[in-house]
Amino acid sequence: MPESAAPPHAMTVTVTGAAGQIGYALLFRIASGAMLGPDTRIRLKLLEIPAAVRAAEGTALELADCAFPLLDSVDVTDSAAAAFDGAHVALLVGARPRTAGMERADLLAANGGIFGPQGRAINDHAADSVRILVVGNPANTNALIAAAHAPDVPSDRFTAMTRLDHNRALAQLAIKLGCRTEEIEGVTVWGNHSASQYPDLTHATAGGQPVPSLVDEEWIEGDFIPRVAKRGAEVIEVRGSSSAASAASAAIDHVRDWVLGTPDRWTSAGVVSDGSYGVPEGLVSSFPVRSSGGAWEIVQGLEVPPFSRERIDTSVAELEAERDAVRELGLLG
Ligand SMILES: NC(=O)C1=CN([C@@H]2O[C@H](COP(=O)(O)OP(=O)(O)OC[C@H]3O[C@@H](n4cnc5c(N)ncnc54)[C@H](O)[C@@H]3O)[C@@H](O)[C@H]2O)C=CC1
Ligand SMILES: O=C([O-])CC(=O)C(=O)O
């Protein structure tokens, strides 16, 4: 055997719902090193329901065929205990979609049946340093349920994905201003990953110029906010199926920034509230965040004008209603 030049450091990454649309767009980028960088080898563990294990095994064949230098192994299983064994990063993508005629309470209950046991399995089997990103909808409340079943895992390790909403906001603003997304800073998505979210441009700058001086309020209220908040529905209507590659890309961005640190600008993530900005402690809500040393910190001290206050409160009220509903269903332990 030639002397190996492989990086010494390896991490175990668990992906649930691995045979789904997002899984197919996500796994190859993780294995290529796009998520954890060029110095980290990857051990993938894929969790699926029994009926989709074979499809996930098919994806594992293709992963092998890519001959990714950083990919050490791929295991496919329908056992949560096996899937989360030693996990350093867990991407909870698999979820029960809403089907016709399904009430919100039914959806919450069906997902509680997935995210409760997965939270317990993470608690019992994952690495001490595990970091969890919930992508499967309703993402914020699913993260809350998983965290409630993992008493030994610090709750700040459970996060929900609002990075896709953040990226959508950057993209819409860049199109409006004719600039590159890279020139934009200070955008925040607050609240729930749902149509009630509040993409906030109050503190945004583009090329160093305050965005509120570059666009009018009418555009922000009438075009920008609804466009971003309802972008998922727009993609479903035009593409004929829900956002997958963009969701996978956002998940990569979220975990990369969490583990390796944000650049000099902040981003948005659903994190457990510490009471900042009047969001009740314990709710998983989207905030402006920075990461350093592998931990998210909520950006403090931003002024919240009345228009923003009202929008944040509306989305947070929806999160509270979801929390109360899952509590009543006995899903918070
Ligand atoms: N937070 C966000 O920004 C976004 C969230 N989503 C959500 O992500 C989720 C996944 O989306 P897609 O990949 O398009 O769906 P999909 O239906 O293509 O795939 C979901 C996969 O999860 C699997 N699954 C179901 N229950 C499972 C369980 N208990 N354990 C393991 N796997 C399980 C299914 O067998 C299926 O293969 C959906 O809930 C969707 O609404 C989608 C886009 C953006
Ligand atoms: O509604 C969905 O399943 C997809 C979704 O969350 C989004 O695109 O933001």
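Indexing begins at 1, ligand by ligand and atom by atom, following the structure's order.
Atoms of ligand 1 found under 4.0 Å from any heavy atom of V93 (numbered from 1 in listed order, with element): 8 (O), 9 (C), 10 (C). For ligand 1, the atoms sitting less than 4.0 Å from at least one non-hydrogen atom of G94 are 22 (O), 24 (N), 33 (C), numbered in the order shown with element in parentheses. When each atom of ligand 1 is checked for a heavy atom of A19 under 4.0 Å away, the hits are 37 (O). For ligand 2, the atoms sitting less than 4.0 Å from at least one non-hydrogen atom of G232 are 7 (C), 8 (O), numbered in the order shown with element in parentheses. Interface of L164 with ligand 1, defined as ligand atoms under 4.0 Å from a residue heavy atom, comprises 3 (O), 44 (C). Below 4.0 Å from some heavy atom of S243 lie the following atoms of ligand 2, by number and element: 8 (O). With ligand atoms numbered from 1 in the order given, ligand 1 contributes 43 (C), 44 (C) to contacts under 4.0 Å with heavy atoms of A247. Using a 4.0 Å cut-off to heavy atoms of S243, the atoms of ligand 1 that qualify are 43 (C). Of all the atoms in ligand 1, the ones that sit under 4.0 Å from a non-hydrogen atom of S242 are 14 (O). The ligand atoms of ligand 1 that sit less than 4.0 angstrom from a heavy atom of Q118 are 28 (C), 29 (N), 30 (N).
If you check which protein heavy atom lies closest to atom 26 (N) of ligand 1, you get I49 CG2, 3.6 Å. I114 CG2, 3.5 Å is the protein heavy atom nearest to atom 29 (N) of ligand 1. In this structure, atom 42 (C) of ligand 1 lies nearest to the protein heavy atom I22 CD1, 3.5 Å. In this structure, the protein non-hydrogen atom closest to atom 3 (O) of ligand 2 is N137 ND2, 3.7 Å. Shortest contact from atom 2 (C) of ligand 1 to any protein heavy atom: H193 NE2, 3.2 Å. Nearest non-hydrogen protein atom to atom 19 (O) of ligand 1 is G20 CA, 3.2 Å. Nearest protein heavy-atom contact of atom 25 (C) of ligand 1 is A95 O, 3.8 Å. Atom 18 (O) of ligand 1 has Q21 N, 2.9 Å as its closest protein atom, hydrogens excluded (heavy atom only). From the protein, the heavy atom lying nearest to atom 8 (O) of ligand 2 is R168 NH2, 2.8 Å.
With respect to H254, the side-chain hydrogen bond (donor to acceptor under 3.5 Å, both in side chains) criterion is satisfied by exactly one of T267, T159, T162: T159. Among the candidates T314, D165, N192, the single residue satisfying the side-chain hydrogen bond (donor to acceptor under 3.5 Å, both in side chains) test with Q197 is D165.
Shortest non-hydrogen contact noted between N142 and G136 is ND2-O, 2.9 Å. The shortest heavy-atom contact between V235 and S242 is CG1-C, 4.3 Å.
Considering M161, E234, H193, Q21 only, the shortest heavy-atom separation from atom 6 (O) of ligand 2 involves H193. Compare E48, R231, R168, R96 by their heavy atoms: the one nearest to atom 34 (C) of ligand 1 is in E48.
Within the 4.0 Å heavy-atom criterion, both parts of V135, backbone and side chain, lie near ligand 1. Neither the backbone nor the side chain of R163 comes within contact range of ligand 1; no heavy atom lies under 4.0 Å. Proximity of M161 to ligand 1, defined as any heavy-atom pair under 4.0 Å, is shared by backbone and side chain alike.
Atom CD of E322 and atom CG of N111 lie 10.5 Å apart (nearest 0.5 Å). In this structure, CG on D85 lies 12.5 Å from CD1 on I122, to the nearest 0.5 angstrom. Note that OG of S243 is 8.0 Å distant from CD1 of I22, once rounded to the nearest 0.5 Å. Note that CG of L214 and CH2 of W219 are 10.5 Å apart. Values are rounded to the nearest 0.5 Å. Of the inter-residue distances, the one linking L164 atom CG with R231 atom CZ reads 9.5 Å to the nearest 0.5 angstrom.
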Check against side-chain contact (heavy atoms from CB on, under 4.5 Å), S286 and W190:
CA-CA 5 Å; S286 189; W190 301 88; 5.5 Å; no

Could you walk me through whether H149 and N123 pass side-chain contact (heavy atoms from CB on, under 4.5 Å), step by step?
CA-CA 7 Å; H149 288 78; N123 190 72; over 6 Å; no

V289/W258 under side-chain contact (heavy atoms from CB on, under 4.5 Å): CA gap, chis, key distance, verdict
CA-CA 10 Å; V289 290; W258 193 359; over 6 Å; no

Quick one: do L91 and V13 satisfy side-chain contact (heavy atoms from CB on, under 4.5 Å)? Show the steps, please.
CA-CA 8 Å; L91 294 156; V13 178; 4.1 Å; yes

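Between the side chains of H9 and D39, no donor-acceptor pair is found at a separation under 3.5 Å. No hydrogens or angles considered: a donor-acceptor pair under 3.5 Å links the side chains of Q300 and S276. Of the N and O atoms on the side chains of R43 and T12, at least one donor lies less than 3.5 Å from an acceptor on the other residue.
Residue G17 has at least one N or O atom closer than 3.5 Å to an N or O atom of ligand 1. The shortest N/O to N/O separation between D165 and ligand 1 does not fall below 3.5 Å. For ligand 2, the polar-atom distance check finds no N/O of D165 at less than 3.5 Å from any of the ligand's N/O atoms. The shortest N or O to N or O distance between N137 and ligand 1 is under 3.5 Å. Ligand 1 has no N or O atom lying under 3.5 Å from any N or O atom of A139, backbone or side chain.
Protein heavy atoms all stay at least 4.0 Å away from atom 15 (O) of ligand 1.
Aromatic ring orientation, F287 versus Y277: tilted (interplanar angle from 30° to 60°).
Taking 4.0 Å as the cut-off between side-chain N and carboxylate O, D257 and R163 count as a salt-bridged pair.
By the 4.0 Å heavy-atom criterion, A244 is excluded from the residues contacting ligand 1.
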